[in-house]
Amino acid sequence: MNGVPDKSVLRLRKRHGSGEGIGSTAADGERLINAQSLRNAIVAGLIAIIVFSLFWMTLSALLNKVFPWLTLGLGVLLGYAIRMTGRGLDWRFPLLAALLTLIGSLLANIIVAASVTAEGFDTGTLQVLQSVTTMTWPVFFDEVLTIADAFFAVFAAGLAAFYANRKLTRSQYYALRLWREENNAQ
């Protein structure tokens, strides 16, 4: 024969790979594990909370309206920030994203409430935040935070956890699987 494959009418053309195996090794999986950084994820999460809080405060001041559903944006923002900087592969990164989102939504609500209060008293937001006492917190939790804020915060935490883990290609997933099998065998 001349080495030309038989062109069968019933055989569909292959549009995927050449049929060769994936060239990943356990060492590639170890590099993926070593690339994780919980510290970078925490720093990026804190920066995302600060940026989001300032954005929400500015938007609320410009439009004279508070949008509690913007907390969902915080969840997506934190999830992507933790994914890009933490490069996480395990359960710690979604948990971190969810916790930071819950804390960030509470802090953002406090900052927005202080901004609205400062506007009402013709003073600065920082002055209102500096004059907070222990008697202010019960009023804040009774009058400012609503069940909608809690609902949006929990939903945003779910979004953040969903987006927090790193997306892997097939070869990266295979390399990670090889590394885990090698380490579990030992």
Side-chain angles (χ1 to χ4, degrees), residues 3-5 8 10-59 67-112 145 148-186:
V4 177
S8 175
L10 299 176
R11 176 114 174 124
L12 296 175
R13 229 174 16 148
K14 289 184 180 179
R15 293 188 180 208
H16 46 76
S18 63
E20 297 176 11
I22 299 174
S24 298
T25 63
D28 296 330
E30 186 176 7
R31 278 193 288 279
L32 287 172
I33 293 293
N34 292 336
Q36 298 182 107
S37 174
L38 198 58
R39 181 182 54 86
N40 289 350
I42 291 171
V43 170
L46 294 176
I47 290 171
I49 289 171
I50 292 168
V51 168
F52 174 79
S53 298
L54 292 175
F55 170 74
W56 194 11
M57 180 183 73
T58 305
L59 186 68
F67 301 103
W69 51 266
L70 274 177
T71 307
L72 299 175
L74 173 65
V76 173
L77 179 67
L78 268 171
Y80 276 117
I82 288 175
R83 175 191 290 180
M84 294 301 153
T85 58
R87 304 177 64 78
L89 299 170
D90 55 7
W91 59 270
R92 298 175 298 165
F93 294 91
L95 180 65
L96 174 68
L99 288 176
L100 282 178
T101 301
L102 291 174
I103 292 168
S105 65
L106 179 63
L107 288 175
N109 275 311
I110 291 170
I111 290 172
V112 168
L145 280 184
D149 293 320
F151 173 77
F152 287 127
V154 170
F155 198 79
L159 283 172
F162 177 76
Y163 286 116
N165 265 348
R166 181 178 178 182
K167 298 271 185 195
L168 297 176
T169 63
R170 288 180 69 167
S171 61
Q172 288 173 334
Y173 182 78
Y174 182 68
L176 184 64
R177 186 172 145 207
L178 286 174
W179 181 81
R180 286 181 178 157
E181 287 174 358
E182 182 180 284
N183 286 338
N184 287 338
Q186 294 175 356

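Remark: of the listed residues Leu74, Val112, Ile111, Ile111 is the sole one forming a side chain to side chain contact (heavy atoms under 4.5 Å, CB included) with Ser53.
Two residues are said to be in side-chain contact when any heavy atoms from C-beta on lie closer than 4.5 Å; Leu159 and Leu72 meet this criterion. Counting only heavy atoms from C-beta outward, the side chains of Gln172 and Arg166 approach each other to under 4.5 Å. Looking at heavy atoms from C-beta onward, Leu100 lies in side-chain contact with Ile82 at the 4.5 angstrom threshold.
Scanning both residues, Ala164 and Ala97, for their nearest heavy atoms gives CB-CB, 3.7 Å. Here the shortest heavy-atom pairing between Trp56 and Thr71 reads CH2-OG1, 3.7 Å. Taking each heavy atom of Ala26 and Glu182 in turn, the nearest pair found is CB-OE1, 3.5 Å.
Listed by first and then second residue, the salt bridge (Lys or Arg N to Asp or Glu O under 4.0 Å) pairs that reach into residues 43-52 come to none, sequence neighbours excluded. Applying the side chain to side chain donor-acceptor pair (under 3.5 Å) test to pairs two or more places apart or on separate chains, none has a residue in residues 97-112. Sorted by first and then second residue, the salt bridge (Lys or Arg N to Asp or Glu O under 4.0 Å) pairs with a member in residues 30-41 read Asp28-Arg31; sequence neighbours excluded. For residues 94-104, there are no salt bridge (Lys or Arg N to Asp or Glu O under 4.0 Å) pairs, not counting sequence neighbours.
Listed by chain and number, the residues in a side-chain contact (heavy atoms from CB on, under 4.5 Å) with Gln36 are Ile33, Leu89, Asp90, Arg92, Phe93 (sequence neighbours excluded). Applying the side chain to side chain donor-acceptor pair (under 3.5 Å) rule to Thr58 yields no partners; only residues at least two apart in sequence or on another chain are considered. Taking the side-chain contact (heavy atoms from CB on, under 4.5 Å) definition, one finds that Trp91 meets it with Leu95, sequence neighbours left out. The ring-ring contact (aromatic ring centres under 6.0 Å, His included) test applied to Tyr163 returns Tyr80, not counting sequence neighbours. When the side chain to side chain donor-acceptor pair (under 3.5 Å) test is applied to Asn165, no partner is found at least two apart in sequence or on another chain. Partners of Ile110 under the side-chain contact (heavy atoms from CB on, under 4.5 Å) rule, at least two apart in sequence or in another chain, are Leu106, Leu129, Trp137, Phe140. For the side-chain contact (heavy atoms from CB on, under 4.5 Å) test, residues two or more places apart in sequence or in another chain that qualify with Leu77 are Ala48, Phe52. A search for ring-ring contact (aromatic ring centres under 6.0 Å, His included) contacts involving Phe67 returns Trp69, not counting sequence neighbours.
Atom OG of residue Ser24 and atom CZ of residue Arg177 lie 11.5 Å apart, to the nearest 0.5 angstrom. Atom-to-atom distance recorded for Asn40:CG and Arg87:CZ is 10.5 Å, nearest 0.5 angstrom. Distance CZ/Arg83 to CZ/Phe162: 8.0 Å, rounded to 0.5 Å.
The backbone N or O of Leu178 lies less than 3.5 Å from no partner atom in the side chain of Glu181, so there is not a single donor-acceptor pair.
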